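The structure appears below as structure tokens.
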Amino acid sequence: MPGNRACTVLRGDRRSNAAVLPDGCNAALLAELVGDQGSVTTVDIDPDITTRASRLLAEAGYGQVRVREADGIQPLQDAPAQGFDRIVVTVGAADLSPAWLDQLAPTGRLVVPLRFRGLSRTIAFARKQDHLRSDTLIVSGFVAIQGDGAHAPRVVRLAGQEVRLVVDENQPADADALAAAFTSPRYEHWTRVELGSSEGLLPRLDVWLAGAIAPYGRLRATQAAAERGLVGWVLGRGAPAVWHRDSLAYVTLRPAPQATEGRYELGVIAHGPDRERLAAHLADAVGRFDREARSAGEPVVRAYRRDVREHSLGEVTVDKPNVRLVIT
């Protein structure tokens, strides 16, 4: 990024940085990158944070960094006329602010920890005609954004605190019906799709499934729930899950039969009256990933303004208040 004319950083609260680095560190790093000819603006909604950042930046010799106390999803009144070359968001966002789209330069890049379908990914977007296109997705977790952009996902408790279904984007889910379904006998469907512990395929599968099936959420469970047999093998970050009225299904793992150590088979566990059909539906999606996308690299996330692009037949889209995400 050396030589860029302008950058903005939307910073998290004290908990995200103070344990390791002083407030204002991201802005200082960007100031080093843009050089004497560039400019950096850092924004936070918390006056304690902006006061501390202003003091520490000045003490460190970065007095040229502009510190603004404001809600980071709102337009900046003193933004460069040509837009910011880089916008870096360091709080977990549930949507893309129109201000970020409006104030991003035509050749600019937006880096944002974005939550969708219960997943959290830091995504680097670049402009592509009428939309933004991702070229990097990194598994991440950030303190949630505050202010007008705050939006927490819904949590459906399937077994108290031990097993939960995380539902994003206001997808309909009958909590009572799904909790009742979870008490019914499980049905297992194993896919014969295997993976190695070092392949790193599961994060890609998570995103791919989010763009291939709907509704889609994340089933999360405690270690105690697994030890008691309430759930199959579910990793700490959760498992892809689908549901339909009074039935639900989720992806699980087991050591691959007749395979060397470190190989695992993907399967589906389902509950409820429609468990067999729902399990087959999710298992078919896992199989399609194996056949069509396993060797195709990272999924691509495209972000369109809601008023620009119509829904295309056959596409699963993720509708946010401001943008529509298409995952391919």
Side-chain angles (χ1 to χ4, degrees), residues 116-119 121 153-156 158-159 163-169 171-175 177-195 199-221 225-226 229-257 263-294 296 299 301 314-318 325-328:
F116 57 96
R117 293 296 197 255
L119 298 168
R121 295 292 187 274
R154 180 185 176 196
V155 176
V156 175
L158 302 176
V163 185
R164 309 170 308 282
L165 177 66
V166 179
V167 180
D168 237 332
E169 291 88 33
Q171 298 173 94
D174 187 327
L178 293 178
F182 192 72
T183 65
S184 69
R186 72 167 63 180
Y187 171 77
E188 297 185 8
H189 182 130
W190 294 97
T191 66
R192 299 184 180 179
V193 175
E194 295 184 8
L195 51 83
E199 287 185 80
L201 282 178
L202 285 177
R204 285 172 45 202
L205 173 65
D206 290 343
V207 176
W208 191 89
L209 288 175
I213 54 178
Y216 175 98
R218 305 290 294 173
L219 185 131
R220 299 184 181 275
L230 282 178
V231 294
W233 188 356
V234 174
L235 300 181
R237 61 175 175 267
V242 298
W243 59 94
H244 179 63
R245 292 197 297 267
D246 54 359
S247 302
L248 75 152
Y250 61 94
V251 174
T252 187
L253 289 166
R254 71 178 179 184
R263 299 287 298 176
Y264 302 93
E265 182 183 7
L266 291 167
V268 176
I269 293 177
H271 297 265
D274 203 22
R275 56 186 177 272
E276 293 188 25
R277 186 201 65 81
L278 199 58
H281 172 63
L282 182 51
D284 177 68
V286 172
R288 284 192 288 119
F289 169 82
D290 185 53
R291 295 189 303 271
E292 302 170 10
R294 181 171 185 146
V301 179
E315 277 184 345
V316 171
T317 62
V318 179
L325 304 179
V326 178
I327 305 169
T328 55

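Owing to the predicted nature of the structure, the values given are computational and were not obtained by experimental measurement.
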**Prompt:** Within a radius of less than 6.0 Å around CZ of R192, do more than 12 heavy atoms belonging to other residues, nucleotides or ligands occur?
**Reply:** no

**Prompt:** Are L178 and D246 side-chain neighbours, meaning at least one heavy-atom pair lies under 4.5 Å?
**Reply:** no

**Request:** Report yes or no: is the cationic atom of R254 (NZ for Lys, CZ for Arg) under 6.0 Å from the centre of the six-membered ring of W233, at an angle within 45° of the ring normal?
**Result:** no

**Request:** Look up atom OH in Y264 and atom CG in L253, then write down how far apart they are to the nearest 0.5 Å.
**Result:** 8.5 Å

**Request:** Give, for atom CG of L230 and atom CZ of R186, the distance between the pair rounded to the nearest 0.5 Å.
**Result:** 8.5 Å

**Request:** Mark yes or no for whether E169, through its side chain, and V318, through its backbone, hold a donor-acceptor pair below 3.5 Å.
**Result:** no

**Asked** Under the 3.5 angstrom rule, does the side chain of R218 hit a backbone N or O of R117 as a donor-acceptor pair?
**Response** no

**Request:** Look at the side chain of R275 and the backbone N and O of E188, then say whether any donor-acceptor pair between them is shorter than 3.5 Å.
**Result:** no

**From OG (S247) to CD (E276), nearest 0.5 Å** = 10.5 Å

**Request:** Could you tell me whether the side chain of R164 reaches within less than 4.5 Å of the side chain of L158, counting heavy atoms only?
**Result:** no

**Request:** Could you tell me how the ring of Y250 sits relative to the ring of H271: parallel (under 30°), tilted (30 to 60°) or perpendicular (over 60°)?
**Result:** parallel

**Item:** Polar side-chain atom of T191 near backbone of L266 as donor-acceptor pair, under 3.5 Å
**Value:** yes

**Request:** Would you indicate whether the side-chain heavy atoms of V167 and V156 approach each other to under 4.5 Å?
**Result:** yes

**Asked** With no hydrogens and no angle check, is any side-chain donor or acceptor of T252 less than 3.5 Å from a backbone partner on I269?
**Response** no

**Asked** Under 3.5 Å, side chain of R294 to main-chain N/O of R288, donor-acceptor pair present?
**Response** no

**Asked** Is there a donor-acceptor pair under 3.5 Å between the side chain of D168 and the backbone N or O of G118?
**Response** yes

**Message:** Could you tell me if the side chain of F116 sits less than 4.5 Å from the side chain of L119, heavy atoms only?
**Reply:** yes

